[in-house]
Each structure stands twice: as structure tokens, then as C-alpha cells.
2 protein chains.
Amino acid sequence: MKADALRGHLDPMILAVVEHEPLHGYAIMEALLERSGGELDLPTGTLYPALRRLERAGYLASEWSTVGGRKRRTYQLTSAGTKMLASGKQEWLTFRAVVEGVLRPGQA
Amino acid sequence: MKADALRGHLDPMILAVVEHEPLHGYAIMEALLERSGGELDLPTGTLYPALRRLERAGYLASEWSTVGGRKRRTYQLTSAGTKMLASGKQEWLTFRAVVEGVLRPGQA
DNA sequence: CTTGATAAGTAGAATGGCTACATGTTGCCT
DNA sequence: AGGCAACATGTAGCCATTCTACTTATCAAG
């Protein structure tokens, strides 16, 4: 998959994986990897800054904990984040329709 | 639709509209607008540089003509462009599967 | 004779995902 | 005991591409 085809689509994806349970950064990476069937192997230099950005923007809230000597920062959706996720899903559907309207991907 | 969610997806879309008939820049803009149901209104500052980039990369070839006092540069797919378009369509399907695997967009 | 559509372009800003680097722990393998 | 893989978090700076804003020019309609 092309490098930064993700542009603009990553945020809702991150929000989606913490929708039903709060997760820490590393676990978010693993969840993305798993849900994408191994395709989405985010570098830490992408994920961690993105999480901070989303927190700054008010879509995520975080708290520190220490588990077995390891520090974890666990993120959960805020109510603004929930709304953002919903509208992100909607925007995805629009985007998909636009691309497929132009691309007509059935025709190889 | 978010501004540059297009990132990395625009190139195959441009190639797609000239797949069956050569078009000049302005006509490409109109074709994108029409095929996207009015959603994709590219600024000229996006399209023209993109066309030049695709030509430099060998995916498009262009020639000048003058129609009614207006200069047109008409673009058509090269054979490399045809291949690139095919692989772009394939990549789109992968990308879509990745996003939807993570997003599960059915659930509002 | 001005406005809107047609037509092509450039310069420079901004975005955000990437590479590469930095730091430290735990647990398994030899 | 030593080393490496997995766990865990983070920063600095690069880079590609899309965007805004601008320029130039013709033609048709009003």
C-alpha cells in the first residue's frame, strides 16, 4: 500500500479502535495491524504524534498507568471524539463514493 | 469532503478519466467533477502541476493544439500509464479493505 | 465593455505521514 | 551471563503533494 495514502484517513481509524475500549499506544498499533489483516503497520513516529494531536484537539483523553514496570498511556474517546468518529465514518463513505465514481474499479 | 484526503489517490483518478479518450486539462477537471457527482472540484493549482508530474513520470503524454484561438494541451495515457492505472485500481481495493476493516463503517 | 466560462499556468504555504533516532524494561534463549 | 525480541513511549526533521492566491489570455453573452 502506498506510503501516505492514509493522509486524512488515519484519525478516524485511530478513534475507531478505541471506540469500545480504551487502549494504550502500542495496543492501538496492534489493533490496527490486526483489523487491517496485517496491512497497516504504523511506524511509532506516525502513531504517537497522531495520538498527541488527537488529544490536543480534544478527541481523546489519556491517563498514565504502570503495568509490570512499564509505563502506559491509555487513551479513550471523549464525547467530542465520538462525534468526530461518526462524522469521520460518514466522510469515508462520501470519499469512497467519489473515488469509485471516478475510478470505476471493477474494470481492471 | 476534507481538503487533502485525496493524497495519493488523485493520480489514478486522473489517469482513469483519460483512459478511453485523450482530454485536455480543463476537460479533465470537468470530467472529475461530473464523475464524482459534483464533489471533486479540483483547483487548477492542483490539477495542472499534477498533470505535469504525471507526464514527467511517463504515465501521460501531451500535445498542443489550438482550437478557436485557445491553446489546449491534450493528454493521453502511455502504456506505462495504463499499467499504473491498473495497479492504482488494485491498490485502491486494498486501501478500501484496510480502512473498512478498521473503521467498520456500517456502524454509525 | 464587462462579466463568466474556457484554458493554462506559477509561487509559496501548509499539512501530516515518514525515516531515523533516543530511551528503557521484561522475558526468553543459549 | 549475555544478548536479542517484544513491549512501550517519544522527538526532530524530511518530503511529497495538495492548497490558496495570483497571472495571462480568448470568446460569447448581456
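Chain letters run A, B, ... following the sequence lines, proteins first, then strands; residues in each count from 1.
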Looking at the side chain of [X], which of [options] is the nearest nucleotide?
| X | options | answer |
| --- | --- | --- |
| A:Tyr48 | D:dA16, D:dA6, D:dG10 | D:dG10 |
| B:Tyr26 | C:dT6, D:dG10, C:dC18 | C:dT6 |
| A:Leu6 | C:dA5, D:dA8, C:dC18 | C:dC18 |

Output the residues of residues 52-64 of chain A in contact with DNA chain D, where contact means a heavy atom of the residue under 4.0 Å from an atom of the strand; sort by number or write none.
A:Arg52, A:Trp64

Letter by letter from the 5' end, nucleotides 21-30 of chain D scores (B base, S sugar-phosphate only, - none; protein heavy atoms under 4.0 Å) B----BB---

Looking at B:Arg72, does any N or O in its side chain come under 4.0 Å of the phosphate oxygens OP1/OP2 on C:dA7?
yes

Determine: side-chain N/O of A:Arg73 to OP1/OP2 of D:dT9, distance under 4.0 Å, yes or no.
no

What residues form a side chain to side chain contact (heavy atoms under 4.5 Å, CB included) with [X], not counting sequence neighbours?
| X | answer |
| --- | --- |
| B:Thr82 | B:Leu77 |
| B:Ser79 | none |
| B:Ala80 | B:Tyr59, B:Thr78 |

Please list all pairs meeting salt bridge (Lys or Arg N to Asp or Glu O under 4.0 Å) that have one or both residues in residues 73-87 of chain B, counting only residues at least two apart or in different chains.
B:Glu55-B:Arg73

What donor-acceptor contacts under 3.5 angstrom involve side-chain atoms of residues 35-50 of chain A, with partners at least two apart or in another chain?
| from | atom 1 | to | atom 2 | distance (Å) |
| --- | --- | --- | --- | --- |
| A:Arg35 | NH1 | B:Val102 | O | 2.7 |
| A:Ser36 | OG | A:Leu32 | O | 2.8 |
| A:Ser36 | OG | A:Leu33 | O | 3.1 |
| A:Ser36 | OG | A:Glu39 | N | 3.3 |
| A:Ser36 | OG | A:Leu40 | N | 2.9 |

Set of residues satisfying side-chain hydrogen bond (donor to acceptor under 3.5 Å, both in side chains) with respect to B:Arg53, sequence neighbours excluded
B:Asp11

Partner residues of B:Arg52 under the side-chain hydrogen bond (donor to acceptor under 3.5 Å, both in side chains) criterion, sequence neighbours left out:
none

For atom CD of A:Glu30, decide whether the heavy atoms of other residues, nucleotides or ligands shown that lie under 6.0 angstrom number more than 12.
yes

Check the distance between D:dC7's C1' and A:Ile28's CD1 and give it to me in whole angstrom.
15 Å

Which residue lies more 5' along DNA chain C, comparing B:Leu51 with B:Glu30 via nearest heavy atoms:
B:Glu30

